[in-house]
Student: 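Dropping a structure here in structure tokens format, bear with me for questions.
What you see is a predicted model, and the numbers here were worked out from it, not measured in a lab. Numbering of ligands and ligand atoms starts at 1, following listing order.
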Amino acid sequence: MFTIPHLDIPSLESVEGVVQLPGSKSISNRVLLLCALSPGLTVVHDLLDSDDTQVMLEALEMLGCSTKRSGQRLEITGLDLARLQNKTLSAPESLPLFLGNAGTAMRPLTAALAALGVNCTLSGIARMHERPIEDLVDALRQLGAHIEYLQNEGFPPLHILPSRMSVRSAVRVRGDVSSQFLTALLLALPLLSEQQDIEIEVVGELISKPYVLITLKLLAQFGVHIARDGWQRFTIAKGSEYRTPGEIYIEADASSASYFIAAAALSRGCLPLRIEGIGKNSIQGDIAFVQAARAMGATIEEGPNALVVTPSQHPLVGIDLDCNHIPDAAMTLAIMALFAKTPTRLRNIGSWRVKETDRIAAIAHECAQLGASVTAGDDWIEIEPIAPGQWQAAAIHTYDDHRMAMCFALASLNPQHCPVRILDPRCVGKTFPHFFETLFSLARTPVARIPVICIDGPTASGKGTLASLVAQRLGYGYLDSGALYRISAWHASEQGIPLALEHQGQIAQLVSELSLQFEGERIVVNGQEVSELIRSEAVGMAASQVSALPAVRQALFELQRNTRRLPGLVADGRDMGSVIFPDAELKIYLTADAATRAKRRHKQLISKGISAKLEDLLADLEARDARDTQRTVAPLKPAADAMLLDNAHLSIDETLELVLAQWQSKQPF
Ligand code: DC
């Protein structure tokens, strides 16, 4: 997951291949609660692992559920409800449950814990405390629930106090602010159905109906069948009891699929994208996004459990659509609208205003930053496409809203090749922690558009530390090219091959057959971990010898070039800027003098408990500098367009900030 302040996405050309998306958030959190309320063990497969499901799981564990996860499989044991009720009646203090910004945890847990009479407080992040819950609390109070607002009337945090709830007449709940209030009652009230049928009556027009259908379908899988009369009246039969299905599979998230459907439709390639784990048998309402995207011109084939999207060969067309049934995925339509020939109007989306952020305002503001003209009202938005030549590179605010980040990543497919900066990319953790990694694994773009920063310099100039820090701060990959020469020298020596010119062909052959794995700091060569081994002074010296052999340099050439991957690369070595990536946008050449470098290396070795003499180190350094600068192929020297940076008197942090500032000065944001 990218936990950096911003992520720059280079202009993308297409997405293609096959992708399996993470589980549905709506289904995952409902299933977790249903498992908790059903006696016995349930095995859940493909549960979404994200911020929203994490807070739900933690709350259920605090209440007494035991869970065991291994890979995509979670075992969860239902709550002992009688014990939980007895415990809270005797407990002097309320149980504090923190639910982040997960509406799918806050609303259903409020209802279920009120029905069980558990003494607890429910709180979340600041935005959660601005999201309404009054309609649900009012409905629960009709039944005798004792719920207090701890800050502002109508909003979390809440205090639920033990009370005995009873059902005498139909429970009335408003359905026009959030359908989660009705969902919460449908999930909780079977707990009170021992003595009588329970009727729930929806007041006002129910919004986001497909989400209520998900609730009803999942309830049925857990043994509770609810009768409904249109969307106005729901009846829970007397004696309804939860029964675990034993095992349950979670579908891939249909809202998450919308970003990939859109990306494939907006692609300028010709190869399809296959999205697995969701298809026409889906129980998620957002699958209806497929029809909306088709109406805009997308070509989508729907199988029972997969979607295949082929790039639209013609510009998309605008649509005028009531989006009440697909409130989340409709945000993706807003971004597709930027690419269309004609304007798009999305109507009946009032609920956007009370989601993770005011999404109508947020979409309007950020689309305008990209160059679009947008008008909006209380519950609608109209987007003019961006005219040719009018796209602007923009730094997109995401308002701690995962969907803002994921939607606006699609703007990187713009025909004008503008990059896009996503601020606070970590917010995707709410529902799709590896969204950007997934996007980059499917995305194609000409290699020249993938940014590279080269950091070259002599031995012990600090380039390795600097380069890996720059890479971390930008979320880019990191190439330590010196490690490749070290590995080559170490491996050739292991095989007993002298590191001499007459053996260069043999060494080059060996090098081209190496199996290499770089996993963060760990380096594995032909199955053996060599991370520490290759760092010795002796291997460094041998690397310097091997690196003077033209055939070895040639053998490593393509390997190094192939590390240029999305979203960008920071490469360190001797010839990154001069030979490997001559077209890099930024080339830094560190020039600290040999005496300073020898002192640094000395300090570093001593701190690792390795004894070393300063004079010897200096002599070694000078010998390596001499060999590296005098060799005939790719000698150590700054590229003509490199920025020389003498870091002898700078700390690593100061050098880092200088390089980042230099990089930023080249960005269009
Ligand atoms: O950066 P380092 O100390 O890990 O590099 C080990 C040797 O490899 C160094 O003496 C020179 C050589 N090298 C090179 O010739 N070209 C590179 N791009 C990187 C390293």
Student: What residue and heavy atom of the protein are closest to atom 19 (C) of ligand 1, and at what distance?
Tutor: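 Answer for atom 19 (C) of ligand 1: S481 OG, 3.4 Å.
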Student: Salt bridge check: are R268 and E13 linked by an N-O gap of less than 4.0 Å?
Tutor: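 E13 and R268: salt-bridged.
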Student: How far is atom 8 (O) of ligand 1 from its nearest protein heavy atom, and which residue and atom name does that atom have?
Tutor: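 Nearest protein contact, heavy atoms only, for atom 8 (O) of ligand 1 is Y485 CB, 3.5 Å.
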Student: Measure the distances from the heavy atoms of K463 to every atom of ligand 1 and state whether one is below 4.0 angstrom.
Tutor: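 K463: in contact with ligand 1 (<4.0 Å).
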Student: Minimum heavy-atom separation for F408 to V420, with atom names?
Tutor: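 Between these two residues, the closest heavy atoms are O-CG1, 3.9 Å.
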Student: Show me which atoms of ligand 1 lie under 4.0 Å from any heavy atom of M576.
Tutor: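 That gives atoms 18 (N) of ligand 1.
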Student: How far apart are the closest heavy atoms of V55 and D52, and which atoms are they?
Tutor: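 Scanning both residues, the minimum pair turns out to be CG2-O, 3.2 Å.
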Student: In chain order, what residues pass the salt bridge (charged side-chain N to carboxylate O under 4.0 Å, His left out) check against E537, with sequence neighbours excluded?
Tutor: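 Counting only residues at least two positions away or on another chain, E537 forms a salt bridge (charged side-chain N to carboxylate O under 4.0 Å, His left out) with R601.
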Student: Considering only heavy atoms of D575, which atoms of ligand 1 have at least one such atom less than 4.0 Å away?
Tutor: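 What qualifies from ligand 1 is 16 (N), 17 (C), 18 (N).
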Student: Within ligand 1, which atoms have a heavy atom of G573 less than 4.0 Å away?
Tutor: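 Here the atoms of ligand 1 in question are 18 (N), 19 (C).
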Student: Which one holds for R631 and ligand 1: side chain close, backbone close, both close, or neither close, with close meaning a heavy atom under 4.0 Å?
Tutor: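 Just the side chain.
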Student: Among all protein heavy atoms, pick the one closest to atom 16 (N) of ligand 1 and tell me residue, atom and distance.
Tutor: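 Of every protein heavy atom, R553 NH2, 3.0 Å lies nearest to atom 16 (N) of ligand 1.
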Student: For a quick test of reading the model, state the closest non-hydrogen atom pair linking E356 to D400 and the distance between them.
Tutor: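 Shortest heavy-atom separation between E356 and D400 comes out as CB-O, 4.3 Å.
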Student: Determine whether any heavy atom of R627 lies closer than 4.0 Å to an atom of ligand 1.
Tutor: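 R627 does not count as a contact of ligand 1 under the 4.0 Å cut-off.
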Student: For the side chain of Q528 and the backbone of V524, is there at least one donor-acceptor N/O pair under 3.5 Å apart?
Tutor: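 Such a contact is absent between Q528 side chain and V524 backbone.
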Student: Only pairs at least two apart or in different chains count here, so list each salt bridge (charged side-chain N to carboxylate O under 4.0 Å, His left out) that has a residue in residues 622-632.
Tutor: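 Those involving residues 622-632 are R574-D628, R597-D625, D628-R631.
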Student: Return the residue, atom name and 0.1 Å-rounded distance of the protein heavy atom closest to atom 7 (C) of ligand 1.
Tutor: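 Nearest neighbour among protein heavy atoms for atom 7 (C) of ligand 1, to 0.1 Å: A543 CB, 3.6 Å.
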Student: Do any nitrogen or oxygen atoms of T459 come within less than 3.5 Å of a nitrogen or oxygen of ligand 1?
Tutor: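 Between T459 and ligand 1, no N or O pair is found under 3.5 Å apart.
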Student: Would you say the ring centers of Y485 and W490 fall short of 6.0 Å from each other?
Tutor: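 Ring centres of W490 and Y485 not closer than 6.0 Å.
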Student: Taking N414 for the side chain and C418 for the main chain, is one N or O donor matched with an acceptor at less than 3.5 Å?
Tutor: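 Checked: pair present.
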Student: Please work out whether any backbone atom (N, CA, C, O) or any side-chain heavy atom from C-beta onward of R486 is under 4.0 Å from ligand 1, and answer side chain, backbone, both or neither.
Tutor: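 The part of R486 near ligand 1 is the side chain, not the backbone.
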Student: Quick one: nearest non-hydrogen protein atom to atom 1 (O) of ligand 1, plus distance?
Tutor: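 Of the protein heavy atoms, R574 NH1, 2.9 Å lies nearest.
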Student: Given G482, S461, A634, identify the one with the heavy atom nearest to atom 20 (C) of ligand 1.
Tutor: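 Comparing heavy atoms across G482, S461, A634, the nearest one to atom 20 (C) of ligand 1 lies in G482.
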Student: For atom 11 (C) of ligand 1, what's the nearest protein heavy atom and its distance?
Tutor: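 Minimum-distance protein heavy atom for atom 11 (C) of ligand 1 reads D628 OD2, 3.5 Å.
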Student: In terms of relative ring orientation, are F440 and F2 parallel, tilted or perpendicular, with 30° and 60° separating the classes?
Tutor: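 Ring orientation, 0 to 90° scale: perpendicular.
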Student: Could you list the atoms of ligand 1 found under 4.0 angstrom from a heavy atom of R624?
Tutor: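 Listed by number with element: 3 (O), 6 (C), 9 (C), 10 (O).
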